[in-house]
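So the structure is just underneath, and the comments pick up after that.
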Number of protein chains: 2
Amino acid sequence: MSMHYDEGKEKFIQAWGTLGSAWGINKAMGQIHALLLISEEALSTEEVMEELQISRGNANMNIRALIDWGIVSKAYKPGERKEYFTTGKDVLELARQVSRERRRREIEPVMRVLEEMQQVEGDTAEVAHFKTVTKDLEGFTKQVDGALDKFIRSDKNWFFQVLMRLMK
Amino acid sequence: MSMHYDEGKEKFIQAWGTLGSAWGINKAMGQIHALLLISEEALSTEEVMEELQISRGNANMNIRALIDWGIVSKAYKPGERKEYFTTGKDVLELARQVSRERRRREIEPVMRVLEEMQQVEGDTAEVAHFKTVTKDLEGFTKQVDGALDKFIRSDKNWFFQVLMRLMK
DNA sequence: TTTAACTTTCAGTAAATATTGAAAGTTAAA
DNA sequence: TTTAACTTTCAATATTTACTGAAAGTTAAA
């Protein structure tokens, strides 16, 4: 029923990587994030390479990507030239950041396309149906987008209050 | 500023396919779903193949996958032996179904791993930190999972009320 | 400056994923 | 039954995506 640290660590990193791929983030990116999450100290590229058995190029590119997503940041150690990396340990803040990015990268482009669809011309039933469906999608997407925006801007208390109320 | 139906249709199918890949669903699956969404009539495998220019095997497999997800269903036309396929036009119901499946396929497995992590033994600071982080993730995941569950079981009114309240 | 510690890039390769099409399987009607 | 309309499977192939490692680029210290 118990488990050694190394085994647990391995399992967690694996699981986080898998979750990553299911969500369109790549595996290595998820694994690096997991590793930084459970590490109290900031890690260097070398250390990441070593722990995950991946190449320098791979480590570097995925660390960059995590920085782009705004969920990993650089840390310099006094007197050291090397770069180290950490990720915030606040899960809510992480969720917020991921929401922010996905909203920007995925929801917004699709919303723009859906809006455009109202410009389709023609008075056939086919066109009418097309516009109805895309308008519905647009309406729904807008609602979700608005809620997401609220979440992104909200503070901790607001979020947990909403969750609580939501679950009655 | 206006647009022909065929152009709009093409754009929409493309966008829906792209959104699909960003969400771990494959492109063809997204495109087939888009096509069924905007089609009032149920379509046959042949028609899907023709419209999207994909092979029989591809069409068949992805239609199956959509059925597995519970978002496409078979429809038989009277006197016809061939199978036809449709998808519900209710966007909220679609969202609910997708949430249900993702919850089952992704959230649940990761939650089980996170729970397991409390079984890690050892009294070092490292282990303590590991448990803290994974416990936080577990707590957050549980909350979201609960809210999702509520959403999945809820009706239309509840959902829009929540969204409204949420957006103040 | 030069050097050396470090980071980034990228062409080549490997791995994973999606797609094809023809053959095998199934089942309603003749 | 047989036939033929239809659906499913799956080995081969193509496409996409990820990864490597060495070379090029950068920058602090000597």
Side-chain angles (χ1 to χ4, degrees), chain A residues 13-36 41-69 72-86 105-106, chain B residues 13-36 41-69 72-86 105-106:
Chain A
I13 291 174
Q14 259 349 84
W16 213 237
T18 304
L19 189 67
S21 1
W23 288 77
I25 282 161
N26 87 15
K27 206 181 67 178
M29 217 171 134
Q31 292 181 336
I32 293 172
H33 182 248
L35 185 61
L36 294 179
E41 298 291 306
L43 302 181
S44 66
T45 303
E46 315 284 333
E47 289 165 320
V48 170
M49 288 166 61
E50 166 64 23
E51 286 267 9
L52 303 178
Q53 292 294 305
I54 60 176
S55 73
R56 182 173 300 285
N58 196 6
N60 183 270
M61 304 247 272
N62 285 110
I63 291 170
R64 280 322 115 187
L66 285 163
I67 292 174
D68 265 8
W69 272 76
V72 160
S73 46
K74 295 186 188 184
Y76 296 96
K77 293 196 178 176
E80 287 239 40
R81 199 168 145 188
K82 206 183 288 192
E83 291 180 332
Y84 290 82
F85 308 95
T86 9
R105 295 171 196 223
E106 291 147 24
Chain B
I13 290 174
Q14 258 350 83
W16 214 237
T18 304
L19 189 67
S21 4
W23 288 76
I25 282 162
N26 88 14
K27 206 181 66 177
M29 218 170 133
Q31 292 181 336
I32 294 171
H33 182 248
L35 185 60
L36 294 179
E41 299 290 307
L43 301 180
S44 67
T45 303
E46 316 284 335
E47 289 166 320
V48 171
M49 289 166 61
E50 165 64 23
E51 285 267 9
L52 303 178
Q53 293 293 305
I54 60 176
S55 72
R56 183 174 300 285
N58 197 5
N60 183 269
M61 304 243 275
N62 285 109
I63 290 171
R64 282 319 116 187
L66 285 163
I67 291 175
D68 266 7
W69 273 77
V72 160
S73 46
K74 293 186 189 185
Y76 295 97
K77 294 196 178 175
E80 287 240 38
R81 198 166 144 189
K82 206 181 290 189
E83 291 181 332
Y84 290 82
F85 308 96
T86 8
R105 295 172 195 222
E106 292 146 25

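Chain naming here is simple, since letters A, B, ... match the order of the sequence lines and numbering starts at 1 in each.
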Inset, instruction - Take atom NZ of K27(B) and atom C1' of dT19(C), then tell me their distance rounded to the nearest Å. - result: 11 Å
Inset, instruction - Nearest 0.5 Å please: distance from the CG atom of L19(B) over to the CD atom of E106(A). - result: 7.0 Å
Inset, instruction - Mind checking side chain to side chain contact (heavy atoms under 4.5 Å, CB included) for E50(B) and listing every partner two or more places apart, or none if nothing turns up? - result: Q53(B)
Legend entry - Stretch residues 47-68 of chain A: residues that reach within less than 4.0 Å of DNA chain C through a heavy atom: R56(A), G57(A), N60(A), R64(A)
Legend entry - Crowding at CD, E46(A) (>12 non-hydrogen neighbours, <6.0 Å): yes
Legend entry - Distance, rounded to the nearest Å, where K82(A) contributes NZ and dA4(C) contributes P: 17 Å
Legend entry - Residue list, side chain to side chain donor-acceptor pair (under 3.5 Å) with N26(B), at least two apart or on another chain: N62(B)
Legend entry - For the student: nearest non-hydrogen atoms of S44(A) and Y84(A), plus distance: N-CD2, 3.5 Å
Inset, instruction - Could you summarise the pairing of DNA chain C as dot-bracket text, marking Watson-Crick and G-U pairs under 3.5 Å with ( ) or [ ] inside the strand and | across strands? - result: ||||||||||||||||||||||||||||||
Legend entry - Gap between atom CD1 of I25(A) and atom NE2 of H33(A) - 0.5 Å precision: 9.0 Å
Inset, instruction - Starting at CZ of R56(A), measure out to CE of M49(A) and round the result to the nearest 0.5 Å. - result: 4.0 Å
Inset, instruction - Using the test salt bridge (charged side-chain N to carboxylate O under 4.0 Å, His left out), find all partners of R81(A) that sit at least two apart in sequence or belong to another chain. - result: none
Inset, instruction - Drop me the distance from I63(A)'s CD1 to L43(A)'s CG, to the nearest 0.5 angstrom. - result: 8.5 Å
Inset, instruction - Measure the distance from CD1 on I32(B) to C1' on dT19(C) and round it to the nearest whole Å. - result: 12 Å
Identify the pairs formed between an N or O of the protein and an N or O of nucleotides 24-29 of chain C at a distance under 3.5 Å, and give each distance.
residue : atom : partner : partner atom : Å
dT27(C) : O2   : R81(B)  : NH2          : 2.6

Legend entry - Residue closer to the 5' end of DNA chain C, S21(A) versus K74(A) (nearest nucleotide): K74(A)
Legend entry - Inter-residue atom distance E51(B).CD - I32(B).CD1, 0.5 Å rounding: 11.5 Å
